[in-house]
Amino acid sequence: MTTFPNLLTAPLTVSAIIGDEKALKKLCPAADATFTDENVTVAVKNTGDALDVTLTASESTVRWVLLRFACSLPDTASVYGDDWERGYGTLHWGSITPEQHMPWYFLAYDAQAKVLAGYGVRVRPGAMCVWHADGEGISLYLDVRCGGMGVALGGRTLNAATVICREYTDTDAFSAGHKFCCDMCPDPIFPKEPVYGSNNWYYAYGKSSRAEILTDSAYIAELCEGLENHPYMVIDDGWHDNPTAGPWDHGNKNFGDMKTLADEMRAKGVKPGIWIRLLHDLDPSIPADWKLSRDAAYLDPSIPAVRDYVKATTKRLIDWGYTLIKHDYSSVDLFGSYGMSMGTSITGDGWAFADRSRTSAEIVIDFYTAIREAAGDAVIIGCNTFSHLCAGLVEVNRTGDDTSGRYWDRTRKMGVNTLAFRMMQNRAFYMADADCIGITAAVPWEQNRVWLKALSRSGSPLFMSSAKGVADETMIPEIKEAFKYNSTQEDILVPVSWMNDICPRKWLLNGEEISFDWYTDEGFDALHAIGNLI
């Protein structure tokens, strides 16, 4: 019989990197499951169904805390670990691998016994949390740094993480994984109506105009004619003066007045949405001391005035009439790398946010909260956002790296892998957006139609990128049918062959097995993979 370890007991050891020390130092165990070193105390408290981990420090700064549990996973278990923010086409089940960093949570499944164990932290923790598992134990690393330097708590007690572990019996891995995601996020928020529609990025790639957006709006409205839930038309990058950067207070010469554009879009029969990169703003009036010490190109959201500025910018979009805001790039802007390159440590040492008293996780949550508060009833889509930190603060989250309107194999790698492995988070953390279908002349329809069907029946958002006139009369009926299904998002799509295939072919659609053929006659296109796929 499979026996998975229970972590809701005091760890074997607790270690920390304190001040300018270069290595972990074991803290001394004391009464009431506390571990101390001079003015640093880590407390571990069992609350019945969870393990609360707090950190208190008066004079010393602290960079890392490590909890080591003396237990091991069964040899028969397969392991799945999540990513920091988006998936990058590499999410998978596999063997116990000591070097594998598993942000936020991981799952272990015994297929023969049909038992799954989940190990994770509840959403919005005070630390950036990452797990490692090996043959002799399980480790939880808590990155409590402020940027790349130790946090100066000044006697404050930090709620670093709430650890939960659950065991689910007589079940498949997907169903149990979804339940575990629900357990990690007790307070998700969802849109009042299913979110779907069009986004112009994967055919325009930033080169667009007011006229094109209005044409796009009329086109998507035509494709969704008669549906009770109207589609969104999301204006992506390119409506402002600087590529992927503000100021965000006006449209460029190709777009003109953004408020009247929203009105005109709504008149076409769509809900207006807009993309923004809030932390990259080249407005010359922004004070120099609002900038991030790591890179002065970006704003530092630990500064209250910056958060007020973010709120004002967000509210401006709402006042213009946009009812969906997609904010992008914040993880890489703040920490200097994308999730695929972060490893166990999300950023390098040697720099700090302006407010040294708060951890990176707290500062990111403050930033997301500022957007949420300013957006009011508008739908927020997070993109390049930390999944565990935005859960409960966004209705929709982009759960994978970019698909493509140019190369099918990029869509297959990023989109399909994300759809399969992040679907557990759909209707648990938020609505999980596996990204768009780019219907262009460059992508074979025979492959795209498979992706269209999967997205449309996934019970998660479907966004199309396509200029009017690209889809011919044989394609239009399938596109209309896809939007009809996705406008209600009542379907349930579950990966079946995902335990041994990171791009699974077999799925269950509303309980019935279905297969998707993701490959061309030539299979995987290695020549495109050699180049820089975009």
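Reckoned from all heavy atoms, side chains included, excluding hydrogens, waters and symmetry mates. These numbers were taken from a predicted model, which means no experiment stands behind them.
Judged by distance alone, with hydrogens and angles left aside, the side-chain atoms of R166 form no donor-acceptor pair with the main-chain N or O of A117 at under 3.5 Å. W104 contributes a side-chain N or O that, together with a main-chain N or O of W84, makes up a donor-acceptor pair within less than 3.5 Å. For the pair R86 (side chain) and Y338 (backbone), a donor-acceptor distance under 3.5 Å is absent. No donor-acceptor pair closer than 3.5 Å links the side chain of S460 to the backbone N or O of D433. Using modelled atom types, no side-chain atom of D300 and backbone atom of F353 make a donor-acceptor pair closer than 3.5 Å. The main-chain N or O of I276 is never found under 3.5 Å from a side-chain atom of D328 such that the two would form a donor-acceptor pair.
Around atom NZ of K315, no more than 12 heavy atoms belonging to other residues, nucleotides or ligands sit under 6.0 Å away. For K271, the NZ atom sits in a packed shell: over 12 heavy atoms of surrounding residues, nucleotides or ligands are nearer than 6.0 Å. By the 6.0 Å contact criterion, CG on D289 is enclosed, its count of non-hydrogen atoms from other residues, nucleotides or ligands being greater than 12.
Separation of atoms OG1 (T313) and CG (L279) is listed at 10.0 Å; rounding is to 0.5 Å. Atom CG of L261 is separated from atom CD1 of I213 by 7.0 Å, given to the nearest 0.5 angstrom. Taking CG from L140 and CE from M102, the interatomic distance works out to 10.5 Å, rounded to the nearest 0.5 Å. The distance from the CG atom of L107 to the CE atom of M424 is 5.0 Å, given to the nearest 0.5 Å. Summarising the geometry, atom CH2 belonging to W131 is positioned 9.0 Å from atom OH belonging to Y119; distances are rounded to the nearest 0.5 Å.
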Report the C-alpha distance between D82 and Y80 in whole Å, list the side-chain angles of each, state the deciding distance to 0.1 Å, and finish with yes or no for side-chain hydrogen bond (donor to acceptor under 3.5 Å, both in side chains). CA-CA 7 Å; D82 202 38; Y80 167 78; 3.2 Å; yes
Applying side-chain hydrogen bond (donor to acceptor under 3.5 Å, both in side chains) to T56 and T157, what does each step give before you reach the verdict? CA-CA 4 Å; T56 306; T157 296; 2.8 Å; yes
Check the pair M184, F180 against side-chain contact (heavy atoms from CB on, under 4.5 Å), reporting the backbone distance first and the verdict last. CA-CA 6 Å; M184 286 187 288; F180 187 61; 3.6 Å; yes
Evaluation steps, side-chain hydrogen bond (donor to acceptor under 3.5 Å, both in side chains), between T34 and D32: CA-CA 6 Å; T34 59; D32 300 324; over 6 Å; no
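Looking only at atom types and distance, the side chain of H327 has no donor-acceptor partner in the side chain of T314 under 3.5 Å away. Residues Y309 and D281 have side chains that bring a donor and an acceptor to within less than 3.5 angstrom of each other. No hydrogens or angles considered: nothing links the side chains of R68 and T13 as a donor-acceptor pair under 3.5 Å. Side-chain N/O atoms of D236 and Y202 include no donor and acceptor closer than 3.5 Å. No hydrogens or angles considered: nothing links the side chains of Y105 and D183 as a donor-acceptor pair under 3.5 Å. Side chain to side chain, H250 and D241 meet the donor-acceptor criterion of an N or O pair below 3.5 Å. No side-chain N or O of T54 forms a donor-acceptor pair with one of N159 less than 3.5 Å apart. Defined by atom type and a distance below 3.5 Å, a donor-acceptor pair is present between the side-chain atoms of N39 and S60. For the residue pair Y430 / Q425, a side-chain donor-acceptor distance below 3.5 Å is found, with atom types taken as modelled. Between the side chains of S302 and D355, no donor N or O sits under 3.5 Å from an acceptor N or O.
Between Y329 and W275, the ring-plane angle classifies as perpendicular under the 30° and 60° cut-offs. Taking the six-membered ring where the residue is Trp, W64 and Y141 present perpendicular rings, their angle passing 60° and hence far from 30°. Ring orientation note: the planes of F174 and H178 are close to parallel, at an angle under 30° on the 30°/60° scale.
Shown here for G89 and I502, the closest heavy-atom pair between the two residues is O-CD1, 3.5 Å. In plain terms, the two heavy atoms of I96 and P74 that are nearest each other are CD1-O, 4.1 Å. The minimum heavy-atom distance linking P11 with L67 is given by the pair CG-CG, 4.1 Å. L73 and P5 make their closest contact through CD2-CD, 4.1 Å (heavy atoms, listed as atom of the first residue, atom of the second, distance). Nearest heavy-atom pair, V121 versus H388, reported as atom, atom and distance to 0.1 Å: O-NE2, 2.6 Å. The two atoms that bring I346 and R145 nearest to each other are N-NH2, 4.1 Å, heavy atoms only.
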Under 3.5 Å, sequence neighbours excluded: what are the donor-acceptor pairs made by side chains of residues 377-387?
{"unit_1": "N384", "atom_1": "OD1", "unit_2": "S331", "atom_2": "N", "d": "3.2"}
{"unit_1": "N384", "atom_1": "OD1", "unit_2": "V332", "atom_2": "N", "d": "3.1"}
{"unit_1": "N384", "atom_1": "ND2", "unit_2": "E85", "atom_2": "OE1", "d": "3.1"}
{"unit_1": "N384", "atom_1": "ND2", "unit_2": "E85", "atom_2": "OE2", "d": "3.1"}
{"unit_1": "T385", "atom_1": "OG1", "unit_2": "N397", "atom_2": "OD1", "d": "2.7"}

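Applying the salt bridge (charged side-chain N to carboxylate O under 4.0 Å, His left out) test to K311 and every residue at least two apart in sequence or in another chain returns E373.
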